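For reference, the structure discussed in these notes is given below.
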Amino acid sequence: MSRRTLTLDDRLHRYLLDHSLREHPEQAALREATRAHPRAGMQISPEQGQLMALLVKLTGARRAIEVGVFTGYSALTVALALPDDGRLLACDVSEEFTAVGRPYWSRAGVAHRIELVLAPALNTLDARLAAGEAGGYDFAFIDADKANYDGYYERCLQLVRPGGLIALDNTLWGGRVAAEAADDDTRALQRLNRKLHGDERIDLALLPIGDGLTLARRRG
Ligand code: CA
């Protein structure tokens, strides 16, 4: 029995994947296509994607937000978990990166569930708030530039309904959040982790999956 989280060596990680991973063929293909990308480390792990898909279904999400699309694996994963009339507002600034994923979204038959908006995400989220969409979303995934995480979080907290869920990626940041000396991105994550810990507006869990995944459920 373990009272803390297991350290996964390669063999145990392989076992975990072999005994739980259920990827759509287009998810596997997109992951493969992204493997050679110079910034491939920005892609979430498939087991994290599967957890997020489960959370989307558990919350009965119909409307979701993604901040930070990269090549589109997580967007594909969330879109596959939504009902057919569900919608994912996918925010990114890179035409080049998101273009990698779009053919996979189409081949998986979920492109119509994804609304990709190429613009700074703070602007996109502010526009949705100004359009009266506060409380209109069920799920949000934040996985973009760390300096703006707090801004994305505050906007998503208004956009998701009470009971809705916000997932924030990279909150353990390769372990650097626990170190003293820190660059700006690390400091931004340290500040946000401290804030979330004491934030009475949410229920909270920080999972040591991938690079750290914080789950924040908006309280009523
Ligand atoms: Ca990430």
Side-chain angles (χ1 to χ4, degrees), residues 5 8 13 16-17 21 23 27-28 30-56 64-81 88-94 96-101 104-105 114 116-118 120-122 124-125 139-157 160 165-179 182-193 195-196 204-216:
T5 305
L8 294 185
H13 185 230
L16 181 155
L17 295 178
L21 194 60
E23 276 187 315
Q27 283 179 291
L30 177 51
R31 201 155 54 82
E32 189 54 40
T34 305
R35 191 190 300 272
H37 194 284
R39 301 177 76 175
M42 284 171 61
Q43 181 174 255
I44 63 167
S45 66
E47 63 270 34
Q48 179 179 330
Q50 189 162 312
L51 170 67
M52 286 166 46
L54 188 69
L55 293 170
V56 166
I65 298 168
E66 177 172 86
V67 180
V69 176
F70 186 45
T71 60
Y73 181 86
S74 49
L76 174 59
T77 301
V78 168
L80 283 165
L88 172 67
L89 171 63
C91 308
D92 205 284
V93 288
S94 174
E96 182 195 347
F97 291 174
T98 54
V100 175
Y104 297 85
W105 301 348
I114 303 174
L116 177 63
V117 179
L118 292 173
L122 291 176
T124 302
L125 300 177
F139 179 86
F141 178 49
I142 298 172
D143 184 15
D145 54 305
K146 308 313 169 201
N148 282 316
Y149 256 40
D150 190 38
Y152 301 141
Y153 167 70
E154 286 297 333
R155 285 157 180 81
C156 286
L157 195 57
V160 301
L165 188 69
I166 302 170
L168 301 102
D169 197 37
N170 302 106
T171 49
L172 293 179
W173 202 227
R176 295 190 290 284
V177 288
D183 57 285
D184 288 348
D185 283 349
T186 307
R187 274 193 289 272
L189 287 166
Q190 288 173 326
R191 271 196 305 275
L192 182 63
N193 284 338
K195 169 179 157 170
L196 294 174
L204 176 70
L206 203 178
L207 305 182
I209 186 171
D211 195 30
L213 181 69
T214 292
L215 302 179

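Note that ligands are numbered from 1 as they come in the structure, with each ligand's atoms numbered from 1 the same way. The first residue of the sequence shown is numbered 1, and numbering continues consecutively from there. Source: prediction; values computed, not measured.
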Taking atom types as modelled and ignoring hydrogens, do the side chains of E47 and H13 form a donor-acceptor contact shorter than 3.5 angstrom?
yes
side-chain contact (heavy atoms from CB on, under 4.5 Å) between T214 and Y153, worked out
CA-CA 11 Å; T214 292; Y153 167 70; over 6 Å; no
For D169, the N, O or S atom at the shortest distance from the Ca ion (ligand 1) is OD2
N/O/S atom of D211 inside 3.0 Å of the Ca ion (ligand 1), strictly under
no
Is the distance from the Ca ion (ligand 1) to the nearest N/O/S atom of Q43 under 3.0 Å?
no
Please tabulate, for the side chains in residues 67-75, all donor-acceptor contacts under 3.5 angstrom to protein atoms that are two or more places apart in sequence or on a different chain.
| from | atom 1 | to | atom 2 | distance (Å) |
| --- | --- | --- | --- | --- |
| T71 | OG1 | T34 | OG1 | 2.9 |
| Y73 | OH | E23 | OE2 | 2.5 |
| S74 | OG | E66 | OE2 | 2.6 |

With the Ca ion (ligand 1) at the apex, how many degrees lie between OD1 of D143 and OD1 of N170, rounded to 10 degrees?
80°
Taking side-chain hydrogen bond (donor to acceptor under 3.5 Å, both in side chains) as the test, write out the residues that go with N170, two or more places apart.
K146, D211
